[in-house]
Visitor: 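Questions regarding the structure given below will be posed in turn.
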Amino acid sequence: MLTTENTENNVLARDWIAKAQAIAAKIAPIADLHDADESFVSEGFECLKAAGFFKALVPAELGGGGADVAEIFSAIRVLGAACGSTALAFSMHTHLVAAATWRREHQNAPTEGLLRRVAAEDLILVSSGGSDWLDSAGTAEKVEGGFRITARKAFSSGCQMGDLLMTSAIYDDPDAGPTVLHFGVPLRAEGVTINETWHVLGMRGTGSQDVVLDRVFVADAGIAGRRPQGKWHMLFHVISKIAFASIYAAYVGVADGARQRALEIACGRKPNADLIRLVGEMENAHARAEMAFRELVSIAMTAEPGPETTSRAMIRRTLIAQAAIETVEKAMEVAGGAAFYRKTGLERAFRDVQGARCHPLQEGPQLALAGRVALGLDIDA
């Protein structure tokens, strides 16, 4: 049992919000530079690693920081206000560790080995989920002792400093039919290359390049899971309940930063009716984002995975996206002509927040899922 003294020391050591604030202060001045030259936010990742963030969600008994998801999601939000790219790229690693921890604790899933490695080796995990989702992509050819994987995985945020790509490919199983295999691939393995395709509107510093797998060998023992292609599976219900609070924390953070900058500009002007109304509209949009985010974090922490929980999480993902985008748009209007200048930071926030539209499930498929769940229909139909 921890003594009072040890408990106090542990709390001080795990003040993740304070650590995130310190990192945010360091990376804010260089966020525009990474945006301008489309370079990866390496300084932010180096700071996060030095502060223990990449192993923060690994249980303490496995060598990690023992943080809970609410702490780390809030820390991502803090980072997002300073540099959306650092926050978003880190969120991709975060949701993978969070899901692995949840599955170990609640499903007795064999993820302990991965979690121990993340803690002991301070590994950075890279997700290909945005380019895969239920259908996956790429092929898995059965060979002696394992599979040869050929695929191109887009949106691999953080791959420049990543260690393991957590991905999947499709195996044409002679008995079960098209089957998605899940596995991890070292980013420095033979046959793995990074194709620099990330020339985009916003979130330019995430380094979300394409990772190309050219007949990369994965042993049979390295296959962590199998599922039918294109069908909802419990793994994806776990991912849905956890991942989107991590990812959308970054966008709420972008909205936080834009709101604060707009208020600073507005406070330097003589108020008038139009300005006051615009600020009020910005505040309403920001409040909607905050409320939906709090509910999404609650779902991640307490809800049981399944279609109903997935639908609830995806609804809030859409509400956050809408409200975060509106918050930044209103911040641009509040700031007026000053917002058009890059030096104010609002132009970058406006571009970065557009990424909130792109993560699954996008609004159209999300509405279809919500409707099917509400009507009691088969979500795989």
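Here the structure is a predicted model, which means the values were calculated and not measured. No hydrogens, no waters, no symmetry mates; every other heavy atom, side chains included, goes into these values.
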Visitor: May I ask you to test the Ser128-Leu165 pair for a side-chain heavy-atom distance under 4.5 Å?
Guide: yes
Visitor: May I ask you to list the residues sharing a hydrophobic cluster with Phe155, side-chain cutoff 4.5 Å, ordered by chain and number?
Guide: Trp198, Val200
Visitor: Between Arg188 and Asp163, does any NZ, NE, NH1 or NH2 come within less than 4.0 Å of an OD or OE carboxylate oxygen?
Guide: yes
Visitor: Just jot down the side-chain contact (heavy atoms from CB on, under 4.5 Å) partners of Ala331, sequence neighbours excluded, or say none.
Guide: Ala258, Ala262, Met282, Leu346
Visitor: Please round to the nearest 0.5 Å and tell me the distance separating atom CZ of Phe45 and atom CZ of Phe40.
Guide: 4.0 Å
Visitor: Name all residues meeting the side-chain contact (heavy atoms from CB on, under 4.5 Å) criterion together with Ala60; count only those two or more places apart in sequence or in a different chain, and write none if there are none.
Guide: none
Visitor: Any side-chain heavy-atom pair from Met92 and Ser208 closer than 4.5 angstrom?
Guide: no
Visitor: Once you measure the plane-to-plane angle for His106 and Trp102, does it fall in the parallel (<30°), tilted (30-60°) or perpendicular (>60°) bin?
Guide: parallel
Visitor: Minimum heavy-atom separation for Ala370 and Ser311, please, with both atom names.
Guide: CA-OG, 3.4 Å
Visitor: Once salt bridge (charged side-chain N to carboxylate O under 4.0 Å, His left out) is applied, what residue pairs with a partner in residues 288-298 remain, sequence neighbours excluded?
Guide: Arg77-Glu290, Arg288-Glu326, Glu295-Arg316
Visitor: Inspect the contact between Glu308 and Arg312 and indicate whether a charged nitrogen and a carboxylate oxygen are less than 4.0 angstrom apart.
Guide: no
Visitor: State whether Glu283 and Arg259 are salt-bridged, where the test is any N-O pair (Lys NZ or Arg NE/NH1/NH2 against Asp/Glu carboxylate O) under 4.0 Å.
Guide: yes
Visitor: Between Val69 and Thr101, is any pair of side-chain heavy atoms under 4.5 Å apart?
Guide: no
Visitor: Do Trp232 and Ser240 come within less than 4.5 Å of each other through their side chains, counting heavy atoms only?
Guide: yes
Visitor: Would you call Asp32 and Arg342 a salt bridge, using N to O less than 4.0 angstrom?
Guide: no
Visitor: Answer with yes or no whether the side chains of Thr327 and His286 bring together a donor and an acceptor at under 3.5 Å.
Guide: no
Visitor: Do Thr197 and Asn195 have a side chain donor and acceptor closer than 3.5 Å?
Guide: no
Visitor: Taking atom CZ of Arg348 and atom CG of Asp35, what is their separation to the nearest 0.5 Å?
Guide: 6.0 Å
Visitor: Quick check: closest heavy atoms across Thr309 and Lys241, and the distance to 0.1 Å?
Guide: CG2-CB, 3.8 Å
Visitor: In terms of relative ring orientation, are His93 and Phe90 parallel, tilted or perpendicular, with 30° and 60° separating the classes?
Guide: parallel
Visitor: Looking at residues at least two apart in the chain, or sitting in another chain, which of them share a salt bridge (Lys or Arg N to Asp or Glu O under 4.0 Å) with Asp172?
Guide: none
Visitor: Under 4.0 Å between a side-chain nitrogen and a carboxylate oxygen: does that hold for Glu46 and Lys49?
Guide: no
Visitor: Would you indicate whether the side-chain heavy atoms of Leu369 and Thr310 approach each other to under 4.5 Å?
Guide: yes
Visitor: Under a 3.5 Å cutoff, is there a donor and acceptor pairing between the side chains of His182 and Ser168?
Guide: no
Visitor: Which distance, rounded to the nearest 0.5 Å, do you find between the CG of Leu361 and the CG of Leu134?
Guide: 7.5 Å
Visitor: Report yes if some heavy atom in the side chain of Cys159 is under 4.5 Å from a heavy atom in the side chain of Lys153; otherwise report no.
Guide: no
Visitor: side-chain contact (heavy atoms from CB on, under 4.5 Å) for Glu43 and His34? Distances and angles first, verdict last.
Guide: CA-CA 10 Å; Glu43 298 92 342; His34 285 294; 2.5 Å; yes
Visitor: Do Arg351 and Arg204 have side chains that get closer than 4.5 Å, going by heavy atoms?
Guide: yes
Visitor: Scan residues 221-237 for pairs that pass salt bridge (charged side-chain N to carboxylate O under 4.0 Å, His left out), counting only residues two or more places apart or in two chains.
Guide: none
Visitor: Please determine whether a side-chain nitrogen of the Lys or Arg among Arg372 and Asp380 lies less than 4.0 Å from a carboxylate oxygen of the Asp or Glu.
Guide: no
Visitor: Identify the two heavy atoms, one from Ser85 and one from Val41, that lie closest to each other, and give their separation to 0.1 Å.
Guide: CB-CG1, 4.0 Å
Visitor: With heavy-atom distances below 4.5 Å as the criterion, would you say the side chains of Ile247 and His95 are in contact?
Guide: yes
